[in-house]
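Scroll down for the structure; my scribbles are underneath it.
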Amino acid sequence: MNKNVRVRFAPSPTGGLHLGGVRTVLYNYLFARHNAGEFVLRIEDTDQTRFVPGAEDYIVQCLQWCGMIPDEGPVTGGPYAPYRQSERKSLYRQYAEQLVKSGHAYYAFDRPEELESMRERFKTATNPAPQYDHNVRLEMRNSCSLTLEETETLLEDGVPHVIRIRMPENETVTFNDMIRGEVSFNTGLVDDKVLLKADGMPTYHLAVVVDDYLMKITHAFRGEEWLPSSPVHVLLWKYLGWEDAMPQWAHLPLILKPDGNGKLSKRDGDRLGFPVFAMNWTDPKTTELTKGFRELGFMPEAFINMLAMLGWNDGTDQEIFTIEELISKFSIDRVHKGGAKFDFEKAKWFNHEWIKRSDAARLLPDVKRVLADNGLNIADDALLSSVITLVKDRCTLLTDFYDQSKFFFETPQQLDLDAVRPKWNAEKKTFFEAAIAQIEAAPAFQATEQEAAFKELAAKHNIKPGELMMPLRIMLVGGKFGPGVFDIAAIIGKNETIHRIQQALKQLDLA
RNA sequence: GCCGCGUUCGUCUAAGGGUUAGGACACCACCCUUUCACGGUGGUGAUACGGGUUCGAAUCCCGUACGCGGUACCA
């Protein structure tokens, strides 16, 4: 009974992929997978003045990183190719012309200056932004105000023109939004949107309807900012004679900035110090780099999980979901109506949870990369794995693995000796010299055995073990952090442990 | 201005006529821990306002306020 579910993510390739954009993809993706449907990527590049090289490729890579691979799209191809609207340009005109013929659209020859002067002319205190609508339609240069002959002459002369929809003067358009329920609009209050631009490209309004129809889209998810223009789209479906095929609409709530109000923007991230884009984005014009969640050390699982929870929940207290769980549990009727302020602290919490719950095998490649980025190339996977297991609880971001584990692989250069000196004395020095000898003589070098031996030696020297633990830690790690000291000693090995104690003793002597 | 959409702890949210309004992040306190974390226990903290409807309203209706979005040959 259900027709095959088909959804699309239709971004405009004008820059980095924003959080809100990723969430829109995510909801599309979850809905498609939940219903065993298809997920299509369509590039809406109808505005040639806003073309940004690299932006499309960037979007594709973001989807890949997040694990949301489109079933059809510009890279993958598919039965409804091409999936770039710029490559579908020739397709749209006929539909616009069809609308002109049926009287639902008209040619407009107004030049930009004329539009501007109209807005100036009709601007009043109570109408600060006059629209091109039924009130002014007949006062403009278009096929409604001109005679048939005049229009034809202009067309024949190749005078630049657009095609506009003719919005009815006073009708009510009502449709059922999957998230908001019934919404309705008076058509007389909506302007005669341009459908086909002077350069022959469609506007979003025409293209979205034509392509959703041609690509057999069944459910259309988009941001709430599209709600006001939805009556235009609904009317277009009707006028084109496709009413029965119209997708079900779902207008998603917006992601808001953490402070104050308003849509979250890249600027907010820069200003408040958190990422807004999924991955690093370099503006090709300014070469300005904007940091992304990926490079900052987020796991895609956590990123997706966090985004899913921003406006949706499954009705229980569960907050950590795998993508498989999200797919099986996702439902539109549990999507919130109101916008959600983005909270970077909570985002980090999700990542921390994911790091804690991931095993060393999952983390290994990422940690390896993080260490390598910092000049630490670790070839021993078994060794790295045990280090990861030891330190992952302390890492909120993947990038934290460097600080939390570098001392396993290189001798710390900067020791926090200020934490040792106040209570440092000759007895302790003697103890550590004895400890070196003891370690040297130890047959095996295991954490538990070493700890026992260390404490025994402390007793022999009449020093409380507690007095010695911090100095030992500083000697091995460099600072007041990290896993159990003897676990660290066991991993770095006998010789390195001795070497670090000797080094610290030497530095302590200098003071 | 006009149109549309929204409004539960600081933040994300649960509760779709009857709950001491629940959970999570953050914050605070304590416990655990010879470091830092993890973990555990507890605490502070919310139904925007005003009217209805009802035995009973966070929940349904109306109004107000506030916020957001739109009002382009941008998406």
Side-chain angles (χ1 to χ4, degrees), chain A residues 10-14 44-47 49-50 108 110-112 115 119 123-133 160-164 177 179-180 183-186 188-191 193-205 207-208 222-231 251 253-254 256 258-263 306 309-320 333-334 336-350 352 356 391-396 404 416 419 451 455 464-470 472-474 477 479-485:
Chain A
S12 179
T14 51
E44 309 233 334
D45 54 350
T46 53
D47 186 355
T49 64
R50 293 216 301 166
D110 316 277
R111 322 240 341 139
L115 293 174
R119 287 186 188 113
K123 192 166 159 184
T124 62
T126 54
N127 184 15
Q131 305 190 118
Y132 197 123
D133 59 16
H161 61 277
V162 302
I163 294 180
R164 286 178 181 271
D177 186 274
I179 292 170
R180 281 147 225 287
V183 283
S184 52
F185 300 83
N186 185 319
L189 269 5
V190 181
D191 64 330
K193 297 253 182 260
V194 169
L195 265 22
L196 199 74
K197 302 189 249 188
D199 64 1
M201 275 288 199
T203 59
Y204 171 84
H205 307 291
V208 74
R222 58 181 9 173
E224 192 186 346
E225 70 266 28
W226 289 108
L227 203 47
S229 56
S230 59
H251 289 92
L254 266 17
L256 279 11
D259 61 336
N261 290 297
K263 248 200 304 192
M306 176 270 294
M309 300 310 286
L310 218 53
W312 176 86
N313 69 84
D314 76 339
T316 73
D317 285 340
Q318 184 176 350
E319 290 195 274
I320 303 298
D333 35 271
R334 293 206 63 90
H336 239 251
K337 290 184 178 76
K341 288 188 187 182
F342 177 65
D343 181 2
F344 189 49
E345 291 306 316
K346 184 94 187 217
K348 285 194 289 193
W349 174 80
F350 274 105
H352 194 186
K356 283 189 294 184
V391 305
K392 66 183 175 131
D393 282 3
R394 286 154 242 262
C395 298
T396 298
Q404 289 297 333
D416 181 10
E451 186 170 357
K455 284 180 179 170
K464 287 197 196 110
E467 297 277 299
L468 301 163
M469 298 300 280
M470 187 51 80
L472 212 217
R473 168 172 298 280
I474 302 290
V477 177
K480 292 192 268 187
F481 62 95
V485 259

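Chain A is the first sequence line, chain B the second, and so forth, proteins listed ahead of strands; every chain is numbered from 1. Predicted, not measured: the structure shown is a model, and the values here were computed from it.
The base of A26(B) does not come close enough to the side chain of K346(A) for any donor and acceptor atom to sit less than 3.5 Å apart. For R394(A) against C36(B), a side-chain N or O and a base N or O form a donor-acceptor pair under 3.5 Å.
Base engagement by A198(A) is indicated by at least one non-hydrogen atom pair under 4.0 Å involving a base atom. Within the nucleic acid shown, H251(A) has no heavy atom closer than 4.0 Å to any nucleic acid atom. If you check every strand for non-hydrogen atoms under 4.0 Å, K464(A) touches nothing. Residue contacts for V183(A): at a heavy-atom cut-off of 4.0 Å it reaches the sugar-phosphate backbone alone, with no base atom in range. Using a 4.0 Å heavy-atom distance criterion, R222(A) is classed as making no nucleic acid contact. Using a 4.0 Å heavy-atom criterion, one finds that G311(A) contacts the sugar-phosphate atoms exclusively. Residue-level contact check: D110(A) touches the bases, meaning some heavy atom is under 4.0 Å from a base atom. Here S229(A) lies out of heavy-atom contact (under 4.0 Å) with every strand. P258(A) comes within contact range of no nucleotide atom at all, as no heavy-atom separation falls under 4.0 Å. If you check every strand for non-hydrogen atoms under 4.0 Å, T46(A) touches sugar and phosphate atoms only. Base engagement by R50(A) is indicated by at least one non-hydrogen atom pair under 4.0 Å involving a base atom. Using a 4.0 Å heavy-atom distance criterion, K392(A) is classed as making no nucleic acid contact. Using a 4.0 Å heavy-atom criterion, one finds that K480(A) contacts the bases of the nucleic acid, with or without backbone contacts as well.
Note: NZ (K348(A)) to C1' (A24(B)) measures 17 Å, nearest angstrom. One can place CD of Q131(A) at 11 Å from C1' of G1(B), the figure rounded to the nearest angstrom. In this structure, CG of L254(A) is placed 13 Å from C1' of G4(B), rounded to the nearest angstrom. M306(A) places its CE atom 20 Å from the P atom of A24(B), with the value rounded to the nearest Å. As a whole-Å value, the separation of Y204(A) OH from A72(B) P is 17 Å. To the nearest angstrom, C1' of U33(B) lies 13 Å from CG of D393(A). Atom NZ of K123(A) is separated from atom P of A72(B) by 12 Å (rounded to the nearest Å). Distance, K341(A) NZ to G67(B) P: 12 Å, rounded to whole Å.
Using P as the reference atom, C68(B) and G52(B) are 32 Å apart when rounded to the nearest Å. The same atom, C1', is picked in U47(B) and in U20(B); the two are 15 Å apart, to the nearest Å. Comparing the P positions of U44(B) and G22(B) gives an interatomic distance of 11 Å, to the nearest angstrom. Atom C1' of G10(B) sits at a distance of 24 Å from the matching atom of G69(B), rounded to the whole Å. Nucleotides G42(B) and G23(B) place their C1' atoms 16 Å apart, quoted to the nearest Å. On the C1' atoms, C62(B) is 15 Å away from A57(B), given to the nearest whole Å. A46(B) and C9(B) have their C1' atoms separated by 4 Å, given to the nearest Å. Taking atom P in both G63(B) and G4(B), the straight-line distance is 12 Å, to the nearest Å.
When both pairing distances are held under 3.5 Å, C25(B) makes a Watson-Crick or G-U pair with G10(B). Of all nucleotides present, none satisfies the Watson-Crick or G-U wobble test against A15(B) with each distance under 3.5 Å. A46(B) is unpaired under the criterion used here, namely a Watson-Crick or G-U wobble arrangement in which both key atom distances are under 3.5 Å. Base pairing of A58(B): no nucleotide in any strand meets the Watson-Crick or G-U wobble criterion (both distances under 3.5 Å). Pair assignment for U20(B): none, as no Watson-Crick or G-U wobble contacts are both less than 3.5 Å. Across all strands shown, U71(B) forms a Watson-Crick or G-U wobble pair with G1(B), both key distances being under 3.5 Å. Across all strands shown, U34(B) remains unpaired; no Watson-Crick or G-U wobble contact has both distances below 3.5 Å.
Of the possible polar contacts, none joining the R119(A) side chain to the A129(A) backbone as a donor-acceptor pair under 3.5 Å is found. The closest donor-acceptor contact from the side chain of R334(A) to the backbone of W312(A) lies at 3.5 Å or more, if one exists at all. A distance-only check finds no donor-acceptor pair linking the side chain of K356(A) to the backbone of D393(A) [under 3.5 Å]. Of the possible donor and acceptor atoms, one in the side chain of Q131(A) sits under 3.5 Å from a partner among the backbone N and O of L189(A). The main-chain N or O of Q318(A) is found under 3.5 Å from a side-chain atom of T316(A) such that the two form a donor-acceptor pair.
The phosphate of C73(B) has OP1 or OP2 within less than 4.0 Å of a side-chain N or O from R164(A). Of the side-chain N and O atoms in N313(A), none sit less than 4.0 angstrom from OP1 or OP2 of U13(B). H205(A) has no side-chain polar atom (N or O) that falls below the 4.0 Å cut-off from OP1 or OP2 of C73(B). Side-chain N/O atoms of R473(A) include none lying less than 4.0 angstrom from OP1 or OP2 on A37(B).
In this structure, the nucleotide among A14(B), G70(B), C73(B) sitting nearest to the side chain of H336(A) is A14(B). Comparing atom distances between the K356(A) side chain and each of G39(B), A24(B), G4(B) picks out G39(B) as nearest. Residue P228(A) places its side chain closer to G70(B) than to any other of G70(B), G1(B), C73(B). Comparing U13(B), C3(B), G70(B) by their nearest atom to the side chain of L189(A) picks out C3(B). The V194(A) side chain lies nearest to C73(B) when the options are G4(B), C73(B), A75(B). Minimum atom distance to the side chain of D191(A) is reached by A72(B), of the listed A72(B), C25(B), C73(B).
With salt bridges taken as basic N to acidic carboxylate O contacts below 4.0 Å, one links D191(A) and K193(A). A salt bridge links D47(A) and R50(A); the closest N-O separation between the charged side-chain nitrogens and carboxylate oxygens is under 4.0 Å.
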- In sequence, state the C-alpha distance, the side-chain angles, and the governing distance for M306(A) and K346(A), and then conclude on side chain to side chain contact (heavy atoms under 4.5 Å, CB included). CA-CA 8 Å; M306(A) 176 270 294; K346(A) 184 94 187 217; 5.8 Å; no
- For D110(A) and Y132(A), what are the C-alpha separation, side-chain angles and deciding distance, and is it a side chain to side chain contact (heavy atoms under 4.5 Å, CB included)? CA-CA 11 Å; D110(A) 316 277; Y132(A) 197 123; 2.6 Å; yes
- For the pair L227(A) and R180(A), evaluate side chain to side chain contact (heavy atoms under 4.5 Å, CB included) and give the outcome as yes or no after the intermediate values. CA-CA 10 Å; L227(A) 203 47; R180(A) 281 147 225 287; 3.7 Å; yes
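The 5' end of RNA chain B is approached more closely, in terms of each residue's nearest nucleotide, by M309(A) than by the other of P11(A) and M309(A). Annotation: of the two residues near RNA chain B, T203(A) and G338(A), the 5′-most nearest-nucleotide partner is G338(A).
An anti base is found at C30(B): its glycosidic angle is more than 90° from 0.
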